[in-house]
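Below: the structure, in structure tokens.
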Amino acid sequence: NLAGLRKKSSIRKISTSLSYYFEDNWKRLWVLALWIGIMAGLFTWKFMQYRNRYVFDVMGYCVTTAKGAAETLKLNMAIILLPVCRNTITWLRSTRAARALPFDDNINFHKTIAAAIVVGIILHAGNHLVCDFPRLIKSSDEKYAPLGQYFGEIKPTYFTLVKGVEGITGVIMVVCMIIAFTLATRWFRRSLVKLPRPFDKLTGFNAFWYSHHLFIIVYIALIVHGECLYLIHVWYRRTTWMYLSVPVCLYVGERILRFFRSGSYSVRLLKVAIYPGNVLTLQMSKPPTFRYKSGQYMFVQCPAVSPFEWHPFSITSAPGDDYLSIHVRQLGDWTRELKRVFAAACEPPAGGKSGLLRADETTKKILPKLLIDGPYGSPAQDYSKYDVLLLVGLGIGATPFISILKDLLNNIIKMEEEEDASTDLYPPMGRNNPHVDLGTLMTITSRPKKILKTTNAYFYWVTREQGSFDWFKGVMNEIADLDQRNIIEMHNYLTSVYEEGDARSALITMLQALNHAKNGVDIVSGTKVRTHFARPNWRKVLSKISSKHPYAKIGVFYCGAPVLAQELSKLCHEFNGKCTTKFDFHKEHF
């Protein structure tokens with residue numbers, strides 16, 4: 001299966017590497033090239049427009065650069081809303097547009113546009129405040145005279161220019177953007193910056209979420225700013241509203257849809273369980289109109305915690321289940337409060353049931369109310385287009401793949417039932433009954449047979465805590481029992497124990513092997529799935545899968561820390577250049 005055993009020239013190596021890079025990234029590259037090209041065209045057009053006006057003789061290249069940057073800002077302030085129109089993107093994923101557009105990278109594109117906006121603000125506001133305003137003030141009366149129709153007959157002072165409508169709205173936008181951009185950075189959003197009280201409230205998801213709603217003020221100020229320009233008095237040349245109208249209407253429409261849809265989804269909590277590792281499981285009734293695919297996620301709101309905040313969680317139930325379920329790990333202030341609220345309504349489990357605390361419909365205490373909104377698309381929802389799946393979850397990152405495993409299992413069972421049903425329709429043939437009824441044959445052949453493209457799935461779950469295996473114990477045992485064709489191969493890895501073969505873990509390895517051989521149960525996880533120790537050797541994992549499935553298209557789906565995502569992405573790219581197996585890497589983004 002290895003295609004790279006023969007020695008290649010350096011030129012051939014580079015060309016092969018580039019061809020695989022373009023094959024993996026062509027969707028991203030053409031979108032970025034188009035976006036950069038449009039920005040460059042708008043900047044050049046506006047730059048040359050002001051280069052040929054009299055104002056250039058007074059303010060020089062300061063004004064041309066500022067106006068060119070302003071045109072790119074209009075574009076970026078419009079399209080930055082499109083990647084976060086989640087309903088639209090979820091719908092587009094099911095259309096032919098998904099073949100050419102990288103919908104999996106919508107949040108990354110959103111961040112990239114934000115970076116371009118920062119550059120545009122520096123060029124636009126910086127040139128106005130530091131360069132062209134001072135040049136205008138210092139110009140001679142003769143040079144200023146033709147500009148009197150724009151700035152007034154009397155030459156303005158610096159303070160007069162800044163305190164005008166254009167200046168005040170500009171300052172408001174810059175201040176709001178600085179706050180929103182700063183609190184959206186990884187250091188503040190993930191509370192990596194430790195601040196003393198009361199400034200610690202500036203870190204965490206809450207600060208990011210609330211500060212991002214300053215965009216309402218920003219867009220109002222931007223429209224006013226665009227209508228009160230010094231150098232343009234003709235209304236149809238004030239183009240800010242033209243850029244913003246469609247994206248803003250689309251985004252507002254999405255928010256209105258979410259508001260009404262979340263109110264129509266009435267859910268009833270069926271079961272609540274709190275597991276080791278600060279994980280809360282919520283099982284709720286499924287609304288009749290709520291249809292989703294495995295791998296998708298939904299937003300959840302708990303009014304008892306916050307009447308405004310919505311948080312995304314992967315759906316861990318399969319589409320064929322008659323309920324919805326999510327698994328929530330305590331990672332921030334909102335999830336901490338959510339766990340506290342539900343823990344107060346839970347009781348210690350009885351009758352050998354799993355979990356530290358549990359509650360269901362028979363619990364006397366009233367369970368808090370939940371609102372849901374969704375479903376929304378994610379990379380994992382397209383798993384069925386691949387021949388083989390490699391699902392990698394770190395800790396709570398296993399949640400999007402549990403639904404996929406359950407859905408695969410349900411599809412396997414349905415296929416077996418359909419095969420058994422079609423076999424039963426064939427009448428017994430023999431000497432006494434040598435003919436088959438034509439109506440029976442028509443019934444058998446007219447039934448559409450569901451073909452499952454995915455032939456195998458490999459699930460690798462890596463966690464530090466032994467108690468984590470309780471989260472999905474029932475699902476893993478069910479898969480181990482019902483998967484008679486060995487389509488799904490599951491591997492649990494516990495990283496807090498030394499790797500197998502190390503003398504320090506020899507005793508537990510021996511006990512584990514004996515118990516699994518005798519009782520069929522792993523002593524570490526309490527499931528029928530054997531637990532390995534330390535971290536997986538990902539190079540060996542991919543090598544084994546590529547050798548076992550030559551010429552197959554393998555979907556690699558990952559949810560967890562960014563460090564391993566980089567390693568897996570590089571390995572997939574490396575193996576694509578060495579063997580006939582094609583690995584497609586996808587990382588979950590919320």
Side-chain angles (χ1 to χ4, degrees), residues 38-78 80 114-181 214-215 217-244:
I38 293 173
M39 283 197 299
L42 289 173
F43 184 93
T44 304
W45 168 61
K46 191 58 69 170
F47 185 96
M48 295 307 298
Q49 190 180 84
Y50 277 83
R51 176 68 178 79
N52 297 323
R53 291 182 60 175
Y54 174 75
V55 70
F56 174 76
D57 296 334
V58 180
M59 298 183 178
Y61 286 104
C62 302
V63 71
T64 55
T65 305
K67 292 298 181 181
E71 206 65 21
T72 64
L73 279 171
K74 294 176 192 176
L75 171 72
N76 288 328
M77 288 298 291
I80 197 171
I117 288 173
V118 172
V119 175
I121 290 171
I122 292 170
L123 290 175
H124 179 71
N127 275 286
H128 275 325
L129 297 174
V130 178
C131 188
D132 59 17
F133 282 1
R135 290 188 66 162
L136 176 68
I137 295 163
K138 293 177 182 178
S139 63
S140 63
D141 293 339
E142 292 78 13
K143 277 195 169 185
Y144 176 78
L147 298 177
Q149 58 179 318
Y150 304 116
F151 298 97
E153 295 299 324
I154 302 172
K155 190 192 299 182
T157 63
Y158 190 88
F159 181 71
T160 306
L161 292 171
V162 174
K163 76 174 184 178
V165 176
E166 301 89 336
I168 291 173
T169 52
V171 170
I172 290 172
M173 284 190 288
V174 170
V175 170
C176 290
M177 286 182 178
I178 288 173
I179 295 170
F181 288 176
L214 290 172
F215 80 91
I217 299 172
V218 170
Y219 278 96
I220 293 171
L222 179 60
I223 293 170
V224 175
H225 187 82
E227 290 299 310
C228 301
L229 298 174
Y230 282 117
L231 297 171
I232 298 176
H233 290 166
V234 183
W235 72 269
Y236 57 83
R237 291 184 179 177
R238 297 169 181 166
T239 56
T240 304
W241 66 272
M242 299 179 189
Y243 281 95
L244 298 179

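Being a predicted model, the structure only gives us computed values, none of them experimental. Here, residue 1 is the first one in the sequence, and each next residue gets the next number.
Without hydrogens or angle criteria, Tyr50 side chain to Thr65 main chain gives no donor-acceptor distance under 3.5 Å. In this structure, the side chain of Arg53 engages the main chain of Leu231 through a donor-acceptor pair within 3.5 Å. With hydrogens and angles ignored, the 3.5 Å screen pairs a side-chain donor or acceptor of Thr157 with a backbone N or O of Thr160. A distance-only check finds no donor-acceptor pair linking the side chain of Tyr144 to the backbone of Val58 [under 3.5 Å]. A donor-acceptor distance shorter than 3.5 angstrom exists from the side chain of Arg238 to the backbone of Glu227, with no hydrogens or angles considered. Lys155 places a side-chain N or O within 3.5 Å of a backbone atom of Ser139 that can act as its donor or acceptor partner.
Between the OH atom in Tyr54 and the NZ atom in Lys143 there is a gap of 6.5 Å [rounded to 0.5 Å]. With values rounded to the nearest 0.5 angstrom, Ile137 atom CD1 is found 10.0 Å from Phe151 atom CZ. Rounding to the nearest 0.5 Å gives a distance of 8.0 Å between NE2 of His128 and CE of Met59. To the nearest 0.5 Å, the span separating CG on Asp132 from SG on Cys62 amounts to 6.0 Å. Between atom CZ of residue Phe47 and atom CG of residue Asn52 there is a gap of 10.0 Å, rounded to the nearest 0.5 Å.
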Legend entry - Test side-chain contact (heavy atoms from CB on, under 4.5 Å) applied to Met173 and Leu222, step by step: CA-CA 7 Å; Met173 284 190 288; Leu222 179 60; 3.6 Å; yes
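The 12-atom threshold is not exceeded at CD of Glu153, counting heavy atoms of other residues, nucleotides or ligands nearer than 6.0 Å.
The two residues Ala221 and Ile172 have their closest heavy-atom pair at CB-CG2, 4.4 Å. Closest of all the heavy-atom pairs between Ala66 and Asn127 is CB-CB, 3.9 Å.
Looking at Val63, Val55, Leu161 one by one, the single match for side chain to side chain contact (heavy atoms under 4.5 Å, CB included) with Leu136 turns out to be Leu161.
At a threshold of 4.5 Å between non-hydrogen side-chain atoms, the residues Leu75 and Met39 count as touching. Here the side chains of Glu71 and Tyr243 are in contact, with some heavy-atom distance below 4.5 Å.
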